[in-house]
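As structure tokens, the structure follows; a few thoughts come after it.
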Amino acid sequence: EAEVAQSPRYKITEKSQAVAFWCDPISGHATLYWYRQILGQGPELLVQFQDESVVDDSQLPKDRFSAERLKGVDSTLKIQPAELGDSAMYLCASSSLIGSNSYEQYFGPGTRLTVT
Amino acid sequence: SQKIEQNSEALNIQEGKTATLTCNYTNYSPAYLQWYRQDPGRGPVFLLLIRENEKEKRKERLKVTFDTTLKQSLFHITASQPADSATYLCALLDYGQNFVFGPGTRLSVLP
């Protein structure tokens, strides 16, 4: 069964350092999402791509976060510089909204980021 | 501002009983409402979707209701099992295909 891949699974970095996360969605899924989930809370949308275009990045802290999906397939989320408050789980999800009856999002395993 | 609440942070029930989880929202007009299951350290997994014009949806031991007047969805798990222990998230989706997740309810089914 096709899955969303994310790497790394765990990342420990010092504050002020740069960190990057990678996501490979399910093949054929045009829509890709990056979420941040703080322990005990629900996922918060950071950015949504439709193919290679950003359709929603209203909650992305653009002074330090950036995201790209250059060829409309895999995607990278970067934080520079990292702050202590960025410690969280970063989840990637993909969806094929066209022709979908359920608008189901398929989530990857996430990257657990700890900033020290 | 938009707000989604889920009944309680944690819910404990006895095996075999029906678990009922609540999702309430304000200042939002969702076209669809979804429920996801999330196990510790893993990404959420889709369970069910219900549309704004549907009152109830069932899937095996799961039942979801959606009342747009009350701005509330109820999620039921009948004949609950310890394997149903997880965090359950509701997510609202508008016609612009924008998702908003609730904070989740952590369900523990005790043997």
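Every chain is numbered from 1 and lettered A, B, ... according to where its sequence line falls, protein lines coming before strand lines.
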Given the rule that I, L, V, M, F, W and Y join up when any side-chain heavy atoms are under 4.5 Å apart, are [X] and [Y] in one cluster?
X     : Y      : result
A/I79 : A/L60  : yes
A/L39 : B/I4   : no
B/Y88 : B/F66  : yes
B/L93 : B/F101 : yes
A/Y90 : A/V115 : yes

A/Q41 side-chain N/O to B/G104 backbone N/O, donor-acceptor pair under 3.5 Å: no
Largest heavy-atom contact set with chain A, pairs under 4.5 Å, which of B/G102, B/P44, B/C90: B/P44
Test item: side-chain donor near acceptor, A/Q37 and B/Q38, under 3.5 Å: yes
Which atom of A/G42 lies closest to which atom of B/L89, heavy atoms considered: CA-CD2, 4.1 Å
Gap separating the CZ atom of B/F99 from the CG atom of A/D56, nearest 0.5 angstrom: 12.0 Å
Gap separating the CZ atom of B/F46 from the CD atom of A/Q105, nearest 0.5 angstrom: 10.0 Å
Proximity breakdown for A/Y106 and chain B, heavy-atom pairs closer than 4.5 Å: neither
Part of A/P109 within contact of chain B (heavy atom distance under 4.5 Å): backbone
Greater than 12 external heavy atoms within 6.0 Å of A/E3's CD: no
Enclosure of B/Q14 CD (heavy-atom neighbours >12, cutoff 6.0 Å): yes
Side-chain touch B/Y36/A/F107, heavy atoms, less than 4.5 angstrom: yes
